[in-house]
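Note sheet for the following structure.
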Amino acid sequence: MQSISRRLTHQSFNTSSVSSLKSLYSISDPRYGVDHPRYGSTIATKGVGHLVRKGTGGRSSVSGIVATVFGATGFLGRYLVQQLAKMGSQVLVPFRGSEDSPRHLKLMGDLGQIVPMKYDPRDESSIKAVMAKANVVINLIGREYETRNFSFEEVNHQMAEQLAVIAKEHGGIMRFIQVSCLGASPNSESRMLKAKAAAEEAILRELPEATIMRPSTMIGTEDRILNTWAQFVKKYSFLPLIGDGSTKMQPVYVVDVAGAIVAALKDDGSSMGKTYELGGPDVFTVHQLGELMFEMIREWPRYVKIPVPIAKALASPREILLNKVPFPLPSPTIFNLDQICAQSVDTVVSDKALTFADLDIAPHKLRGYPVEYLSCYRKGGPQFGSTISEKVTPEPWP
């Protein structure tokens, strides 16, 4: 009798285990995933109220957010995932590379809250699979240079538009946030900024209630501007300035951008359908930002001014040979043709734009903690260096 009872218990356990696993992982069964009838409607257009549930907060709580963050393995992604996870959100992390790509993100949330999911950005069914259980979609996908496999238009425009179309068909997506670039315009000389502007237009056409974030050049430990400059200086002992270094920019701390995205999710839906321009509190010229970098790495400032036409000529061979050689070319750094075009005009927050202030966020000033990571480039270690240059005073900005 006891053996029969054990067998029945074991059978019921197996049945319940299988059903629970199906509910978590199966996407081919029509009762689960993207084929569920609730995914046939459209995104809410009247506002969603407070998306975040009230509670004690913390990584062991339940915020009510299940966010699919495309591009989470990139620069901004790690900071956004950390802020979402520490408030008790479940974060689905699509990745297309090695299994090690999202490994560092799993430690940012409670057990099982960070879920890496392998996908193919060119396979619609795999996109639907990683979006099936979500109620929030955040798109961070973007690249400032082309490769043999992915063009500017495909990465920055077509993928974003495809995500918006799938989110609209999903029906359970309550918020869609697109991270674009400050300066995105159909009239820009930069192909990347043109593609970002086209993506914004396409997303708002599909989802009028989507939120657009336009961050300026982001500064942080893994950034691609001050790190690149410091590495070049350590190797060649000077910094090339494209033009005369007078172009204005409004760099922003990457943690503040992640905070702005989370703040938009926490509101009562008032940020839906709006575009925010996210720039730091100070405006720098390229030369002044270079001075700040030299001050932090404690090296004597040395510059070589390169006229824009010559800089474009130096960067052009990669663009010409990109699809003509049978092997991948190195990623461009300072001499990136598209970035030279993008930085040939001032990139600052416009006067009437919605900014950090509209999200109740006070962005960090760059001087101090946000650029202290550059101390690793000092000779002899963080506490040493050749010299300390004069302090940089950014231009006042209303």
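Below, each value reflects all heavy atoms present in this structure, side chains not excepted, and no hydrogens, waters or symmetry copies. In this text, all values refer to a predicted model and were calculated from it rather than measured experimentally.
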For side-chain contact (heavy atoms from CB on, under 4.5 Å), just list the numbers for Asp346 and Thr247, CA-CA rounded to whole Å, side-chain angles, deciding distance to a tenth of an Å, and then say yes or no.
CA-CA 5 Å; Asp346 296 343; Thr247 304; 3.7 Å; yes
Worked check of side-chain contact (heavy atoms from CB on, under 4.5 Å) between Ile114 and Val93:
CA-CA 7 Å; Ile114 310 297; Val93 180; 3.9 Å; yes
How far apart are the C-alpha atoms of Tyr377 and Gln231, what are their side-chain angles, what is the distance that settles it, and do they pass the side-chain contact (heavy atoms from CB on, under 4.5 Å) test?
CA-CA 8 Å; Tyr377 294 101; Gln231 291 165 9; 3.2 Å; yes
Just do the side-chain contact (heavy atoms from CB on, under 4.5 Å) check on Met131 and Tyr119 with the steps written out, would you?
CA-CA 11 Å; Met131 205 184 289; Tyr119 89 119; over 6 Å; no
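Note that OG of Ser151 is 6.0 Å distant from CD of Gln158, once rounded to the nearest 0.5 Å. The CD1 atom of Ile242 sits 8.0 Å away from atom CG of Leu314, with the distance rounded to the nearest 0.5 Å. If you take CH2 on Trp229 and CG on Leu374, they are separated by 11.0 Å, rounding to the nearest 0.5 Å.
Contact check on Arg103 versus Glu99 returns no salt bridge, with no Lys/Arg side-chain nitrogen under 4.0 Å from an Asp/Glu carboxylate oxygen. Under a 4.0 Å N-O distance rule, the pair Glu319/Arg191 does not qualify as a salt bridge.
Side-chain atoms of Ser188 never come within 3.5 Å of backbone atoms of Ser185 as a donor-acceptor pair (strictly under, hydrogens ignored). A donor-acceptor contact shorter than 3.5 Å is absent between the side chain of Asn156 and the backbone of Lys196.
If you chain together hydrophobic residues whose side chains sit under 4.5 Å apart, Leu76 and Phe356 fall into the same group. Note on Phe95: it does not cluster hydrophobically with Leu84, by side-chain heavy-atom contacts below 4.5 Å among ILVMFWY residues. Connection of Ile65 to Leu111 is not established within any shared hydrophobic cluster, with ILVMFWY side chains joined at heavy-atom distances below 4.5 Å, either directly or through further cluster members. Transitive grouping of hydrophobic side chains (ILVMFWY, heavy atoms separated by less than 4.5 Å) brings Tyr236 and Ile334 into a common cluster.
Using a 4.5 Å heavy-atom threshold, the side chains of Arg367 and Leu292 count as touching. Using a 4.5 Å cut-off on side-chain heavy atoms (C-beta onward), Lys312 and Leu337 make contact. Taking 4.5 Å as the limit, some side-chain heavy atom of Glu200 sits within range of a side-chain heavy atom of Arg214. Side-chain contact between Glu201 and Glu161 is absent, with no heavy-atom pair separated by less than 4.5 Å. Taking the side chain as every heavy atom from C-beta outward, Arg78 and Thr221 never approach each other to under 4.5 Å. Put simply, the side chain of Met108 does not reach to within 4.5 Å of the side chain of Lys86, judged on heavy atoms.
Looking only at atom types and distance, the side chain of Arg175 has a donor-acceptor partner in the side chain of Thr211 under 3.5 Å away. Side-chain polar atoms of Glu222 and Tyr373 form no donor-acceptor pair below 3.5 angstrom. Under the 3.5 Å distance criterion, with hydrogens and angles disregarded, no donor-acceptor pair is assigned to the side chains of Thr147 and Asn149.
Aromatic ring orientation, Phe294 versus Tyr303: perpendicular (interplanar angle above 60°, classes split at 30° and 60°).
More than 12 non-hydrogen atoms from other residues, nucleotides or ligands lie less than 6.0 angstrom from CZ of Arg205. Within 6.0 Å of NZ in Lys305 there are 12 or fewer heavy atoms belonging to other residues, nucleotides or ligands. More than 12 heavy atoms of other residues, nucleotides or ligands lie within 6.0 Å of CG in Leu321, so this atom counts as buried by the packing criterion. The 12-atom threshold is not exceeded at NZ of Lys106, counting heavy atoms of other residues, nucleotides or ligands nearer than 6.0 Å.
Lys365 meets the salt bridge (Lys or Arg N to Asp or Glu O under 4.0 Å) test with Asp282; sequence neighbours excluded. Residues passing the salt bridge (Lys or Arg N to Asp or Glu O under 4.0 Å) test with Arg302: none are found, sequence neighbours excluded. Applying the side-chain contact (heavy atoms from CB on, under 4.5 Å) criterion to Pro251, with sequence neighbours excluded, gives Ile219, Met249, Phe284, Leu289, Leu366. Under the side-chain hydrogen bond (donor to acceptor under 3.5 Å, both in side chains) criterion, Thr73 pairs with no residue at all, not counting sequence neighbours. Residues forming a side-chain contact (heavy atoms from CB on, under 4.5 Å) with Ala198 (at least two apart in sequence, or on another chain): His157.
Here Leu193 sits in one hydrophobic cluster together with Phe152, Met192; the rule is ILVMFWY side chains under 4.5 Å apart, joined directly or through other members.
The two atoms that bring Gly109 and Ala85 nearest to each other are CA-CB, 3.6 Å, heavy atoms only. Taking each heavy atom of Ile212 and Ser180 in turn, the nearest pair found is CG2-CB, 4.2 Å.
Remark: aromatic rings of Phe238 and Phe232 are close, center separation under 6.0 Å.
Geometric assessment of Arg318 against the ring of Phe335 yields a negative cation-pi assignment under the 6.0 Å and 45° thresholds.
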